[in-house]
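Worksheet: the structure to be examined is printed underneath.
Note: hydrogens, waters and symmetry copies are ignored here, and every other heavy atom, side chains too, is used. Everything quoted here is computed from the prediction, not taken from an experiment.
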Amino acid sequence: MKIYIVYDSEVGHTEKLARSIAKGAKNVEGTEVFIHHVNNANIRDLAQMDAIIWGCPGHFGTISSGLKAWIDKLGSLWAEGNLVDKIGAVFCTTATVHGGIEATLLNLITPMLHQGMMVVGLPASIPGNAFYGSYYGIGVTSPDEDTEDELSHSLYDKGILLGESLGTRVANMTKIFLTGKEHLSRQGS
């Protein structure tokens with residue numbers, strides 16, 4: 001089972017979240033994780049993946065220009081149907097509370113739906129998600145490095161831990177989906 005994580009990160013907050021997601025995915029037996037900054041990510045690799053997770057810093061409630069430019073290169077994969085039925089998930093970071101986390105997550109999901117992917121989020125049953133997470137993926141408010149505000153740092157750390165939950169959920173859902181697909185193909189032969 002192969003999971004591809006691509007991220008855009010400017011000061012390291014989003015990269016830290018991406019690495020947390022990768023850690024969670026690796027907890028599921030049989031999972032191979034590929035993690036790349038958008039500048040080093042190859043869209044051609046996606047066709048061989050079982051799940052794709054992408055994320056970026058939210059810029060005014062939408063996708064960062066670096067990740068958006070990369071996503072805009074997926075047209076040939078769309079035309080060939082190469083991403084249809086792949087599992088997808090998204091994540092983002094913002095600099096301020098109410099900085100557009102959920103709007104950014106929804107904007108990140110839209111291209112996945114156009115590709116025919118099946119998007120996985122986090123349910124309220126994941127500890128802490130209903131209080132400081134998001135159902136659309138993982139959105140984390142990153143504290144200003146100079147702030148001494150313990151609450152900001154605590155919520156950021158809890159959000160990073162939720163990243164592990166998203167990675168684990170994506171890997172588990174991918175495994176379930178692939179097992180079901182394999183079962184159906186055996187029945188059809």
Side-chain angles (χ1 to χ4, degrees), residues 3-28 33-41 51-72 87-113 117 119-173:
I3 297 178
Y4 198 88
I5 300 172
V6 60
Y7 65 92
D8 191 8
S9 188
E10 295 160 357
V11 296
H13 294 296
T14 312
E15 179 179 5
K16 186 174 180 181
L17 183 54
R19 296 205 178 282
S20 175
I21 293 166
K23 181 180 177 185
K26 289 176 186 175
N27 286 336
V28 177
V33 176
F34 303 86
I35 182 169
H36 297 284
H37 185 277
V38 70
N39 293 340
N40 303 316
I52 301 159
I53 305 169
W54 60 48
C56 63
H59 287 190
F60 308 106
T62 194
I63 305 170
S64 69
S65 62
L67 185 60
K68 179 68 168 85
W70 185 83
I71 290 170
D72 285 346
I87 303 293
V90 299
F91 61 98
C92 75
T93 58
T94 59
T96 61
V97 176
H98 308 297
I101 284 176
E102 290 193 338
T104 301
L105 293 172
L106 290 170
N107 280 303
L108 287 164
I109 288 170
T110 301
M112 290 184 166
L113 295 174
M117 297 172 66
V119 179
V120 172
L122 278 182
S125 60
I126 302 291
N129 192 51
F131 298 112
Y132 48 82
S134 173
Y135 305 112
Y136 308 115
I138 296 296
V140 178
T141 302
S142 306
D144 181 338
E145 299 305 318
D146 297 329
T147 186
E148 299 294 324
D149 181 21
E150 289 181 33
L151 180 59
S152 294
H153 287 282
S154 173
L155 289 174
Y156 174 73
D157 292 341
K158 289 177 180 179
I160 295 297
L161 287 176
L162 276 177
E164 285 186 43
S165 297
L166 180 67
T168 301
R169 180 164 165 77
V170 168
N172 282 326
M173 296 306 293

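Atom CG of N40 is separated from atom OH of Y7 by 8.0 Å, given to the nearest 0.5 angstrom. Note that CH2 of W54 and CD1 of I109 are 10.5 Å apart. Values are rounded to the nearest 0.5 Å. Considering NE2 of H13 and SG of C92, their distance stands at 13.0 Å, rounded to 0.5 Å. If you take CG on L17 and CD on E15, they are separated by 11.0 Å, rounding to the nearest 0.5 Å. Rounding to the nearest 0.5 angstrom, the gap separating the CD1 atom in I53 from the CD1 atom in I87 is 10.5 Å. Residue L166 holds its CG atom at 9.0 Å from CD1 of I126, rounded to the nearest 0.5 Å.
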Full working for side chain to side chain contact (heavy atoms under 4.5 Å, CB included) between K158 and L161: CA-CA 5 Å; K158 289 177 180 179; L161 287 176; 5.5 Å; no
With side chain to side chain contact (heavy atoms under 4.5 Å, CB included) as the criterion, how do E10 and H59 come out once you've worked through the C-alpha distance, each side chain's angles and the decisive distance to 0.1 Å? CA-CA 11 Å; E10 295 160 357; H59 287 190; 2.9 Å; yes
List the steps, then state whether side chain to side chain contact (heavy atoms under 4.5 Å, CB included) holds for T14 with F91. CA-CA 8 Å; T14 312; F91 61 98; 3.7 Å; yes
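Here the closest heavy-atom approach between residue I3 and residue A25 is recorded as CD1-CB, 4.0 Å. Heavy-atom minimum distance, A22 versus V33: CB-CG1, 3.8 Å. For the pair S134 and E102, the tightest heavy-atom approach, listed with the atom from each and the gap, is OG-OE2, 3.6 Å. Residues D72 and K68 share a closest heavy-atom pair of OD1-NZ, 2.6 Å. The shortest non-hydrogen separation linking R169 to G121 is NE-O, 2.6 Å. The shortest heavy-atom contact between N107 and G61 is ND2-O, 2.9 Å.
Using a 4.5 Å heavy-atom threshold, the side chains of L67 and L108 count as touching.
Between the side chain of D8 and the backbone N or O of S65 there is no donor-acceptor pair closer than 3.5 Å. A distance-only check finds a donor-acceptor pair linking the side chain of S20 to the backbone of I160 [under 3.5 Å]. In this structure a side-chain-to-backbone donor-acceptor pair under 3.5 Å is present from T110 to L106. With T104 contributing its side chain and G58 its backbone, the two residues share no donor-acceptor pair below 3.5 Å.
Results of the side-chain contact (heavy atoms from CB on, under 4.5 Å) test with Y136 over I101, L105, L122 single out L105 as the only residue that passes.
The aromatic rings of Y4 and W70 sit parallel to each other, their planes meeting at less than 30°, with 60° as the upper class boundary.
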